[in-house]
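What follows is one structure encoded as structure tokens, with my remarks underneath.
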Amino acid sequence: MTLRADPKVVFWVSQHILPYETKVRQSLARARVPETDIDDLLQEAYCRLCTLRSVEHIDSPEGYLFRTVRNVLNAQIRRRQIVRIDFVTAMDLLAYADEYPSPEEETSYRRYLSHVREAMLSLPERCRRILEMRKIEGLSQREIARKINVSESIVENEGAKGMRLITQALRDRHGEDAPEIQWRRQARD
């Protein structure tokens with residue numbers, strides 16, 4: 001029996017699951033799973049994900065990818081006569097990898113967050129305030145425009161300007177290694 005993938009599900013997987021591939025690879029590599037096995041595990045996980053009938057039930061794409069890879073790994077372990085120790089270690093790592101960032105990741109993201117805060121503080125006052133209301137407080141453009149008595153187009157333009165300035169400041173500081181910039185590059189590829 002041949003399973004056909006729904007193009008909508010495949011698109012959803014490419015948008016919401018693929019950005020977490022690096023994190024899964026890192027978890028498996030920490031468990032010393034050989035690169036060829038990592039490729040096979042991910043390939044099988046993607047095949048399983050792309051043949052889902054629906055993705056409506058998936059609340060956490062990252063967690064779902066980790067669980068899927070863990071299930072693939074578990075199936076491979078059950079099929080093998082001799083179980084490699086690195087597969088057992090990988091199972092342990094994958095069990096917690098989707099719940100907590102590694103200490104290195106947490107440190108890196110905290111440092112990055114402090115750089116984002118610095119960049120925000122360097123923005124012009126109105127631009128900074130609009131970004132805070134939009135991105136931190138979660139207000140709509142219309143609510144912000146009403147609150148600070150400007151047009152919605154000003155809110156939109158100032159918000160876009162602020163994001164450009166922050167992205168540029170992070171790029172100047174981190175180069176292409178900034179997490180936000182890496183994510184955007186992965187989404188384009």
Could you report the tightest heavy-atom contact between Ser140 and Arg134, atom names first, then the distance?
CA-NH1, 3.5 Å

Salt-bridge criterion met for Glu44 and Arg48 (N-O under 4.0 Å)
yes

Quick one: NZ on Lys23 to CD on Glu62, what's the gap to the nearest 0.5 Å?
3.5 Å

Distance check, rounded to the nearest 0.5 Å: Leu131 atom CG versus Ile136 atom CD1?
8.0 Å

Interatomic distance, CD1@Ile58 vs CH2@Trp12, rounded to 0.5 Å, equals 4.0 Å

Check: Ile144 and Glu152 side chains under 4.5 Å, non-hydrogen atoms
no

Taking the side chain as everything from C-beta on, heavy atoms only, tell me whether Tyr46 gets closer than 4.5 Å to Ile17.
yes

Joint cluster assignment, Leu18 & Leu52, ILVMFWY side-chain distance < 4.5 Å
yes

Check Gly159 against Ile130 and note the closest heavy-atom contact, atom names and distance.
N-CG2, 4.2 Å

Around Glu56, counting heavy atoms of other residues, nucleotides and ligands shown, do more than 12 lie under 6.0 Å from its CD?
no

Say whether Val72 and Val55 are linked into one hydrophobic cluster, either directly or through other cluster members, by side-chain heavy-atom distances under 4.5 angstrom.
yes

Nearest-0.5 Å distance, CG of residue Leu73 to CG of residue Leu28:
7.0 Å

Verify the cluster assignment for Val9 and Leu42: are they in a single hydrophobic cluster under the rule of side-chain heavy atoms below 4.5 Å apart?
yes

Could you walk me through whether Gln168 and Asp172 pass side-chain hydrogen bond (donor to acceptor under 3.5 Å, both in side chains), step by step?
CA-CA 6 Å; Gln168 188 58 50; Asp172 291 346; 2.7 Å; yes

Quick one: are Met133 and Ile148 in side-chain contact, heavy atoms under 4.5 Å?
yes

Heavy-atom pair with the smallest gap, counting every atom of Pro19 and Ser14
CD-O, 4.1 Å

Ring-ring centroid check Tyr64 His57, cutoff 6.0 Å:
yes

Hey, quick one: are Leu139 and Val155 part of the same hydrophobic cluster, counting side-chain heavy atoms closer than 4.5 Å, chains of contacts allowed?
yes

Has Asn157 got a side-chain atom pairing as donor or acceptor with Ser153's backbone, closer than 3.5 angstrom?
yes

Arg129/Glu137 ion pair, N-O < 4.0 Å
yes

Do Thr167 and Arg171 have side chains that get closer than 4.5 Å, going by heavy atoms?
yes

Indicate yes or no: at least one non-hydrogen side-chain atom of Asp6 is less than 4.5 angstrom from one of Val10.
no

Please report the interatomic distance CD(Gln26) to CD1(Ile38), rounded to the nearest 0.5 Å.
10.0 Å

Could you tell me the separation between the CE atom of Met120 and the SG atom of Cys127, rounded to the nearest 0.5 Å?
8.5 Å

Taking side chain as C-beta onward, heavy atoms only, is Arg70 less than 4.5 Å from Val24?
no

Sidechain N-carboxylate O distance under 4.0 Å for Glu143, Lys147:
no

Linking I/L/V/M/F/W/Y whenever any side-chain heavy atoms sit under 4.5 Å apart, do Ile154 and Leu123 land together?
no

